[in-house]
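Data first, discussion second: the structure below is written as structure tokens.
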Amino acid sequence: MAPSNPRDWNAPALRARLLKWYEANQRELPWRQNKDPYSIWVSEIMLQQTRVAVVIDRHRVFLERFPTVDALACAAEEDVLALWSGLGYYRRARMLHQAAIYVAENLNGRMPTTSAELRKLPGIGAYTAAAIASIAHDERVAVVDGNVERVLCRLAGWEASSGSGATALRKKIDGLASELVDPRRPGDFNQGMMELGATVCLPRNPQCLVCPIAEHCVTRGEHKAAPRARMVSREIAHALCVQTRRGEREVLLEQRPASVTVMPGMWELPALGNADVPEEHLRMAVRHAIMQVNYFVRIRDVNEDEVTELAGPAAGKRRWVRADELAGLPLTGLARKVLTRAHLLVAASGSKAAAMLL
DNA sequence: CAGGCGTGGAA
DNA sequence: TTTCCAAGCCT
């Protein structure tokens, strides 16, 4: 039975075991190639609520296009959003861009080095500030992300609670994390904890038999998570309206208003008022999940004459976009998916050609 | 403090 | 097929 008093966790042994395991088992990831704070910063923002597998390629492309804080600060927001297209949570990109501008204009292009100073930048919360400071600058501060929270709850035998209990639990978790973090190698310790949560101490199937700190763990795998909201399904239709001018293919797109809360200013295919699409006009059907809504989307081939009568009330501003311009526009994930499938846009993932289009 | 904010792929 | 996410942050 592991002790419940944090002072009895045998932190030195736990640290040694975790670090040894991390050295042997850490994944090779682009943002671990060096300790460039800017590269780590970009990775941490991209990784917020987003899977590592998705971020790997996006991080590489982003750093090729915007290699430094100054390069990012000089960019137009539209170009930053275009590069972010498909990653979701676009506010992250806007705040990253705003923060880069602040650093360039007020800090002589030099990023803050302490977690307290980093925390003041837009888009950088407690987690991200601690992650950048500990990984890039070896600041002795613990990170607590979803992984670390789960690992520590299992380690200590704490159950998830709601309301004010959640706040109290969170304070206990933060306290334990600070107690355990290795003062000599905080960056590696923090990454080790997250790596353990991501690859061993999994939410549903914890691999306790290969866990390096199993003997420090109270529960050996038990962990109740808070229940989530149910998904709902919805049927919608969008128009795929293509024309050829001067030998170039163009597609009709619509820019979402700046005033909407979801994906403001992003470009998408015009929405149709009727979700029922006759078989002969059905170009493709895709599923697209946004938040807790499962959209079953029908894409209808529509000619220029039909588009106005078929479309719902035009929410945004429409324009014809040449196929070779598409990669430079901030497209919604759905628009990107459809245009890629329709061979109007080259798949961005793993493609040098796609990066060169930008 | 609860709710809003995206996505593609695993289970 | 449908659910459930994944290295949070802001208001």
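Lettering of chains follows the sequences in order, A, B, ..., and the numbering in each one begins at 1. Predicted model, so just to flag it, every value in this text is computed and none were measured.
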Query raised in the report: Under the side chain to side chain contact (heavy atoms under 4.5 Å, CB included) test, which residues partner A/C211, sequence neighbours left out?
Result: A/L196, A/V200, A/I213, A/A214
**Report entry** Co-members of the apolar cluster containing A/M95 [side chain, <4.5 Å]
**Finding:** none
Query raised in the report: Which residues pass the ring-ring contact (aromatic ring centres under 6.0 Å, His included) test with A/W21, sequence neighbours left out?
Result: none
Query - All ring-ring contact (aromatic ring centres under 6.0 Å, His included) counterparts of A/H59, not counting sequence neighbours - result: A/W31
**Report entry** Within residues 103-115 of chain A or reaching into it, pairs that qualify as side chain to side chain donor-acceptor pair (under 3.5 Å) - sequence neighbours excluded
**Finding:** A/S115-A/E139
Requested in this report: Could you note down all residue pairs passing salt bridge (Lys or Arg N to Asp or Glu O under 4.0 Å) where residues 271-294 of chain A supplies at least one of them, sequence neighbours left out?
Outcome: A/R283-A/D301
Requested in this report: Please identify each residue that fulfils ring-ring contact (aromatic ring centres under 6.0 Å, His included) with A/F66, with sequence neighbours left out.
Outcome: A/F62
Query raised in the report: Atom OH of A/Y89 and atom C1' of C/dC9: how far apart are they, to the nearest Å?
Result: 10 Å
Report summary line: Residue pairs passing the ring pair (Phe, Tyr, Trp, His ring centres under 6.0 Å) test with at least one member in residues 101-156 of chain A, sequence neighbours excluded, are none
Query - Side-chain hydrophobic cluster, 4.5 Å single linkage: members besides A/V277 - result: A/L282
Query raised in the report: Among residues 90-102 of chain A, which contact DNA chain C at a heavy-atom distance under 4.0 Å?
Result: A/R91, A/M95
Query raised in the report: Contact boundaries of DNA chain B with chain A (under 4.0 Å, heavy atoms), 5' to 3'?
Result: B/dC1 to B/dA11
Report summary line: Correct closest heavy-atom pair for A/L180 and A/A11 would be CD2-CB, 4.0 Å
Query raised in the report: With a 4.0 Å cut-off on heavy atoms, is A/T332 in touch with a base, just the backbone sugar-phosphate, or nothing at all?
Result: sugar-phosphate
Query raised in the report: Near DNA chain C, which residues from residues 203-213 of chain A have a heavy atom under 4.0 Å away?
Result: A/P203, A/R204
Report task. May I ask you to say what A/W31 touches in the nucleic acid, namely base, sugar-phosphate or nothing, with a heavy-atom cut-off under 4.0 Å? Result -> base
